[in-house]
Amino acid sequence: MRQKRINIPRTILTAFLVLLTTQISAQIALQAPVPADNPNLAGTNTWPRACADTDFNEFFVTIEWAGAANSDNTFILELSDPNGSFGSPLELSTVSDQNSNNEFTTSFILPDNTRGANYMMRVRSTSPASTGMASAGYSMYFLGFDTNLHMSPDGDGTTPGSLQACGSTQITLTVDNIPAADLNTYQYSWYRSGTKLSDNGPSIVTDGTGEYFVFIDYGDCTGSANTESNHIIINSGTSTGIAINTPTTTALCAGDTVAPLEANVQDATYIYTWYKDGTEIQASQVGGFTYTIDTTNPAFVGDYTVEVKGTGICTETSAAVTITNSGAFTVTRNNNANLVVLPSQSQTLSITTSANSPTFEWFRNGTPIPSSNSSSLTVSQAGTYHAAITQTGGTCASTTVNSEDTEIVAPTAFRTEIAYATSYESCTSTSIALTVDKIYAVLSDASEIDVTADVASSFTYQWQKDGANVTGETSQSISLTNSDENGAYTVNTDLGGMATTSNNLPVQLASEALTISSTSTVYCSSSDIITISTTTDLTSETFDWERDGEAINSSDSSLSVTQQGTYRLVIRKGTCSQVSNEISIIPLDPELITLDVEGDVIFPEGSSKTVNANGGTAYRWLDANNIEISSSSSVTFTTEGSYLLIANIDNCEISKPITVTYLDLFNIPNVITPNGDGANDQWIVPNSYSNKSDVRVIIYNAQGEEVLNSTNYQNNWPESSISFAKQNMVFYYVIKNDSETLKQGTITVIR
């Protein structure tokens with residue numbers, strides 16, 4: 001039937017445009033959000049300020065609005081900057097399910113950088129777009145640090161109860177227990193003797209005596225944080241300029257009688273304390289401004305200082321005066337500190353010295369040994385030995401220095417300790433070295449002396465594993481590199497017939513990587529069998545095949561699988577288990593094979609369309625005559641018809657039929673005549689728009705009301721049950737996808 005051009009009456013078109021304009025200009029009136037109770041807390045708890053921390057950060061507001069919201073509208077709760085500006089507002093919450101509720105509550109959390117006393121909130125809608133009034137200003141703080149601060153002089157971490165500022169000296173106090181990256185992000189409140197100071201940084205230079213402390217300024221939330229620091233009292237005093245008067249000489253000889261050291265400040269009311277090398281040598285004394293050096297003590301050499309303190313003065317310490325020994329010389333013991341002497345054996349002791357024209361005398365247990373006038377001595381008795389060396393020439397002649405002691409022991413037995421020589425973690429380490437760590441001589445009174453340095457190289461060794469000798473392992477250490485060597489290790493030692501067995505050390509090394517593989521990871525049906533195996537020889541191993549963590553087989557070197565699950569192999573080696581990689585076996589799911597088109601493949605006649613498949617390991621594309629047209633993951637269609645994709649996932653096969661049709665290029669009709677004569681009774685659109693899940697067809701009547709809103713449009717409007725009140729009625733249609741409007745226009749219904 002030849003279609004006529006239909007003119008739309010101007011009055012109808014004008015009414016439709018007015019309706020659309022009314023919808024576009026619809027508005028929402030948004031009130032300022034107000035604090036609300038937290039339903040997760042007991043009682044009435046509307047917040048007057050928002051004080052959050054890592055343990056609590058949940059606040060609620062009530063939102064009221066009036067007007068009509070569209071179905072796709074979202075309400076957005078926004079936060080200003082600390083000064084109440086919405087130049088760059090922060091989204092606190094979004095709500096999209098309250099478009100029919102004119103009053104609701106929503107929750108929000110404070111960002112961890114929120115700190116200020118005049119934050120404001122407002123609500124914004126998206127459809128229609130509208131921005132509400134700003135709320136009153138609120139104190140909002142995230143308490144990033146909410147424990148007691150610690151401050152110290154120059155941030156050195158000490159905790160002095162008081163400090164002395166000598167003269168005009170100023171002391172810097174610094175907060176030292178906040179991470180450096182956060183230290184300058186806070187505002188601080190400093191106090192001196194209860195008076196707030198103007199400083200607000202993490203450090204302060206003291207400007208007077210008093211009691212100082214600091215806390216973080218969180219505005220109205222300060223009381224919730226409890227950050228008050230330790231207190232430090234700053235006292236002042238006058239410097240005395242304490243020093244030690246220069247001695248007549250600072251190079252002394254042992255035994256010399258010398259004048260006392262004197263402080264330059266000598267006051268009978270001051271308290272003096274003398275030190276050598278930082279150690280107190282004369283206790284605090286009132287008026288004790290002198291100190292006499294005892295040169296008969298070989299330890300008189302060192303740096304001497306004096307400390308002075310008293311009422312009205314600073315506590316100060318002098319610069320050091322260094323006292324040396326003019327006749328000092330070195331004495332070096334050449335043998336080990338502890339030596340063993342066995343029956344019919346001896347040990348040689350020796351020393352070297354830098355003394356001028358030295359003489360030697362040896363002592364055993366403090367008693368001189370006759371005729372022992374050499375730098376060496378051969379001994380065969382147990383005891384404590386040392387040599388006295390006297391300088392007979394040069395400056396400070398007759399100075400005597402004793403060597404270090406040497407302990408000679410005659411053991412009744414030995415005790416040996418072994419240890420891990422390298423880093424070791426049971427069931428994790430893959431290698432380890434064990435070594436003889438200590439050898440002790442056991443004396444007749446059951447006491448022990450470490451003689452490792454003297455005798456370790458003289459012992460014979462035999463390492464044992466689980467009580468049996470390890471062939472070829474006869475040195476002080478043993479290296480283990482294989483889990484087959486796991487066990488308990490000891491070492492047998494012997495010297496001069498004194499044999500002993502060491503302590504026991506367990507060794508449990510991790511095994512080499514254990515790998516399993518499978519013939520497939522997908523089974524097609526319960527009759528299919530998948531084989532899981534390993535290249536590791538399981539002949540002499542204790543093992544379990546596991547499915548989902550449960551042992552299912554402990555005897556077969558490979559596993560036949562007919563069920564889905566996660567499989568692995570576990571080999572038991574002592575207390576350690578060697579665990580393989582895991583393989584997941586899943587049942588066949590036809591949906592694993594996907595195409596990059598939905599529904600039929602449609603393209604204009606004379607052109608082509610490429611379709612891609614995914615999810616398979618092999619593909620075959622067949623035409624209606626079962627002729628293969630492609631064996632890759634894609635195929636290009638040029639003619640319409642019925643096709644078949646056969647895809648493989650490992651050894652499983654999935655078939656997907658495909659229908660290819662040409663695009664219907666006829667125009668969308670703007671007139672239909674639903675009179676039941678079978679011609680032009682329904683509104684038929686091209687197949688590029690019908691039967692498509694991603695294409696939406698919407699039809700409005702002249703009043704702007706939807707009469708159809710559908711995807712997968714079946715070319716079935718109007719249905720036969722619909723009646724039309726007028727002879728000629730105009731409807732309006734929109735065809736669109738998710739991103740754009742594809743077609744729009746009018747439909748005139750003539751009955």
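Keep in mind the model is a prediction, meaning the values are calculated, not measured.
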- Item | Distance-only side-chain donor-acceptor flag, T400 / T390, under 3.5 Å | yes
- Query: What is the distance from atom CD of E541 to atom OG of S557, rounded to the nearest 0.5 Å?
  - Reply: 12.5 Å
- Taking atom types as modelled, is there a side-chain donor on D176 or T174 under 3.5 Å from an acceptor on the other? no
- Query: Counting distance only, does the side-chain N/O of T452 pair as donor-acceptor with the main-chain N or O of A456 below 3.5 Å?
  - Reply: no
- Query: Going by the angle between their ring planes, with limits at 30° and 60°, are F213 and Y191 parallel, tilted or perpendicular?
  - Reply: parallel
- Message: As an exercise, state the distance from OG1 of T536 to CG of L514, rounded to the nearest 0.5 Å.
- Response: 5.0 Å
- Query: Under the 3.5 angstrom rule, does the side chain of N469 hit a backbone N or O of T471 as a donor-acceptor pair?
  - Reply: no
- Query: Below 4.5 Å, heavy atoms only, C-beta onward: do W463 and I418 meet side chain to side chain?
  - Reply: yes
- Item | Between T269 and D267: side-chain donor-acceptor atoms closer than 3.5 Å | yes
- Message: Between S229 (side chain only) and F215 (backbone N and O only), is there a donor and an acceptor less than 3.5 Å apart?
- Response: no
- Message: Tell me whether N336 contacts the main-chain N or O of N338 through its side chain, where contact means a donor paired with an acceptor under 3.5 Å.
- Response: no
- In Å and rounded to the nearest 0.5 Å, what is the OH to OG1 distance from Y461 to T474? 11.0 Å
- Please indicate whether K309 has more than 12 foreign heavy atoms, meaning atoms of other residues, nucleotides or ligands, lying under 6.0 Å from its NZ. no
- Query: Short question: side chain of E316, backbone of T240 - any donor-acceptor pair under 3.5 Å?
  - Reply: yes
- S326 side chain to T395 side chain, donor-acceptor N/O pair below 3.5 angstrom: no
- Flag side-chain contact, heavy atom, 4.5 Å: T295 against C253: no
- Task: Give me the ring orientation class for Y270 and Y272: parallel if the planes are under 30° apart, tilted from 30 to 60°, perpendicular past 60°.
- Result: tilted
- Could you tell me whether a side-chain N or O of D277 sits under 3.5 Å from a main-chain N or O of D303, the two making a donor and an acceptor? yes
- Nearest-0.5 Å distance that lies between atom OG1 in T169 and atom CD1 in I234: 11.0 Å
- Item | pair V340-P411: side-chain heavy atoms closer than 4.5 Å | yes
- Query: Given side chains that start at C-beta, do those of I323 and F300 come closer than 4.5 Å, heavy atoms only?
  - Reply: yes
- Task: Compare all side-chain heavy atoms of L509 with those of Y424 and state whether any distance is below 4.5 angstrom.
- Result: yes
- Message: Between E280 (side chain only) and S284 (backbone N and O only), is there a donor and an acceptor less than 3.5 Å apart?
- Response: no
- Message: The test is side chain to side chain contact (heavy atoms under 4.5 Å, CB included); show your working for T159 and H150 and say whether it passes.
- Response: CA-CA 8 Å; T159 311; H150 186 273; 2.7 Å; yes
- Query: How are the rings of F363 and H386 set to each other: parallel, tilted or perpendicular (split at 30° and 60°)?
  - Reply: parallel
- Message: With no hydrogens and no angle check, just 3.5 Å: does a side-chain donor-acceptor pair link E407 and T384?
- Response: yes
- Does R568 use its side chain to pair, donor to acceptor, with the backbone of D544 at less than 3.5 Å? no
- Ignoring hydrogens and angles, state whether a donor on the side chain of S447 or D445 is under 3.5 Å from an acceptor on the partner side chain. yes
- Message: Could you tell me if the side chain of N148 sits less than 4.5 Å from the side chain of N226, heavy atoms only?
- Response: yes
- Query: For L143, which of D55, I216, T227, D53 qualifies under side-chain contact (heavy atoms from CB on, under 4.5 Å)?
  - Reply: D53
- Give a yes-or-no answer on whether the side chains of S354 and T330 include a donor-acceptor pair shorter than 3.5 Å. yes
- Query: Just how far is it from atom CG of N503 to atom CD of E417, taken to the nearest 0.5 Å?
  - Reply: 6.0 Å
- Message: To the closest 0.5 Å, what do you measure between OG1 (T406) and CD (Q347)?
- Response: 10.0 Å
- Message: Can you confirm whether Y188 sits close enough to P202 that some side-chain heavy atom of one is under 4.5 Å from a side-chain heavy atom of the other?
- Response: yes
- Task: For residues L495 and L342, determine if any side-chain heavy atom of one lies less than 4.5 Å from a side-chain heavy atom of the other.
- Result: yes
- Message: Any donor-acceptor pair under 3.5 Å linking the side-chain atoms of T501 with those of N492?
- Response: yes
- Message: Before you tell me yes or no, could you show the steps for Q381 and I408 under side chain to side chain contact (heavy atoms under 4.5 Å, CB included), namely the whole-Å CA-CA distance, both residues' side-chain angles and the distance that decides it to 0.1 Å?
- Response: CA-CA 7 Å; Q381 290 181 289; I408 303 292; over 6 Å; no
